[in-house]
Amino acid sequence: MIIAVDGPVAAGKGTLARRIAERYGLKYLDTGALYRAVGLLVLRRAQDPADEANAIAAALDVDQIDLTDPELRDERTGNAASTVASIQGVRDALLDYQRNVANSRPGAVLDGRDIGTVVCPDAPVKLFVTASAEVRAMRRFEELKAKGVATTFEEVYADLQARDERDSNRASAPLVAAKDAHLLDTTKLDIEAALEKAYEIIDAR
Ligand code: DC
């Protein structure tokens with residue numbers, strides 16, 4: 001069983017995907033962490049994330065980074081991730097890793113931007129998790145505040161819009177809902193209500 005969970009930044013897909021994996025006893029892969037690992041490796045090598053050859057070399061070495069490293073969550077790493085993610089060679093280099101997890105027993109929940117469209121186009125369940133930009137920015141702002149990061153709602157909102165723009169308009173695997181994806185709008189749903197909807201969709205399969 002493969003469950004693909006895609007959507008824009010801060011829509012709640014990570015939390016949803018992790019909880020779905022727990023409930024159904026499946027593996028969980030946060031594919032954004034892979035792009036972040038490539039970004040981090042490039043930064044640690046003091047290279048430019050926009051340099052294609054170096055970024056592709058880093059993608060081939062992605063297993064050198066521990067996917068639980070807290071530095072993966074830094075703003076600087078997120079920006080480098082977003083840059084390397086637009087390079088087709090980087091995306092190609094990460095494809096096998098993602099498909100190996102997806103196809104291993106007993107199955108997996110993968111979250112990202114292109115799981116239902118590119119990585120696992122035959123996944124039997126695809127969820128596209130979204131929410132209004134205001135609500136996503138507010139959630140991210142609250143998260144950052146709780147972590148003690150000094151920022152403003154306006155800053156977070158502007159950054160989120162820039163990320164949406166980059167993720168949706170890049171030439172390689174842009175963020176788009178697969179035609180057969182179930183749309184899950186979490187603007188007015190808390191996590192438990194969103195999970196109930198997701199379980200209904202999965203159980204129906
Ligand atoms: O979900 P995230 O913020 O951790 O993702 C980091 C970056 O990686 C983000 O700019 C989008 C990109 N990404 C991608 O292009 N494809 C994926 N399957 C997952 C993430």
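For this chain, numbers begin at 1 and follow the sequence in order. Start at 1 and go down the list; that is how both ligands and their atoms are numbered.
- Taking the charged nitrogens against the carboxylate oxygens, R139 and E142 have no contact shorter than 4.0 Å, which rules out a salt bridge.
- With a 4.0 Å heavy-atom cut-off, ligand 1 is reached by no atom of V119.
- Residue R163 has at least one N or O atom closer than 3.5 Å to an N or O atom of ligand 1.
- Residue-ligand proximity, R36 to ligand 1, at heavy-atom distances under 4.0 Å covers atoms 2 (P), 3 (O), 4 (O), 6 (C).
- The nearest heavy-atom contact from the protein to atom 20 (C) of ligand 1 is G32 CA, 3.6 Å.
- Protein heavy atom nearest atom 7 (C) of ligand 1, with residue, atom name and distance: A81 CB, 3.9 Å.
- The nearest heavy-atom contact from the protein to atom 8 (O) of ligand 1 is Y35 CB, 3.4 Å.
- No side-chain donor from either of S172 and R91 sits under 3.5 Å from a side-chain acceptor of the other.
- Applying the 4.0 Å criterion to heavy atoms of A85 picks out, from ligand 1, the atoms 12 (C), 15 (O).
- A distance-only check finds no donor-acceptor pair linking the side chain of S132 to the backbone of T187 [under 3.5 Å].
- Residue contacts with ligand 1 include D114, since one of its heavy atoms falls under 4.0 Å from the ligand.
- Taking distance alone, with nitrogen or oxygen atoms compared against 3.5 Å, R170 approaches ligand 1 more closely than that limit.
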Do L195 and R23 pass the side-chain contact (heavy atoms from CB on, under 4.5 Å) test, and can you show the C-alpha distance, the side-chain angles, and the key distance before you say yes or no? CA-CA 10 Å; L195 273 168; R23 177 177 171 110; over 6 Å; no
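- Annotation for K27: atom NZ counts as buried by contact number, over 12 foreign heavy atoms lying within 6.0 Å.
- Listed by number with element, the atoms of ligand 1 under 4.0 Å from a non-hydrogen atom of S82 are 10 (O).
- From the protein, the heavy atom lying nearest to atom 9 (C) of ligand 1 is R113 NH2, 3.8 Å.
- Taking only nitrogen or oxygen atoms, main chain and side chain alike, R91 reaches within less than 3.5 Å of ligand 1.
- In plain terms, the two heavy atoms of A11 and T130 that are nearest each other are CB-CA, 3.8 Å.
- Formation of a donor-acceptor pair under 3.5 Å by the D167 side chain with backbone atoms of L175 is not found in this model.
- Within the 3.5 Å criterion, the main-chain N or O of V5 finds no donor-acceptor partner in the side chain of D111.
- Looking from atom 19 (C) of ligand 1 to the surrounding protein, the closest heavy atom is T31 OG1, 3.4 Å.
- A side-chain contact (heavy atoms from CB on, under 4.5 Å) with R45 is found for exactly one of D48, L41, L43, namely L41.
- The shortest N or O to N or O distance between D111 and ligand 1 is not below 3.5 Å.
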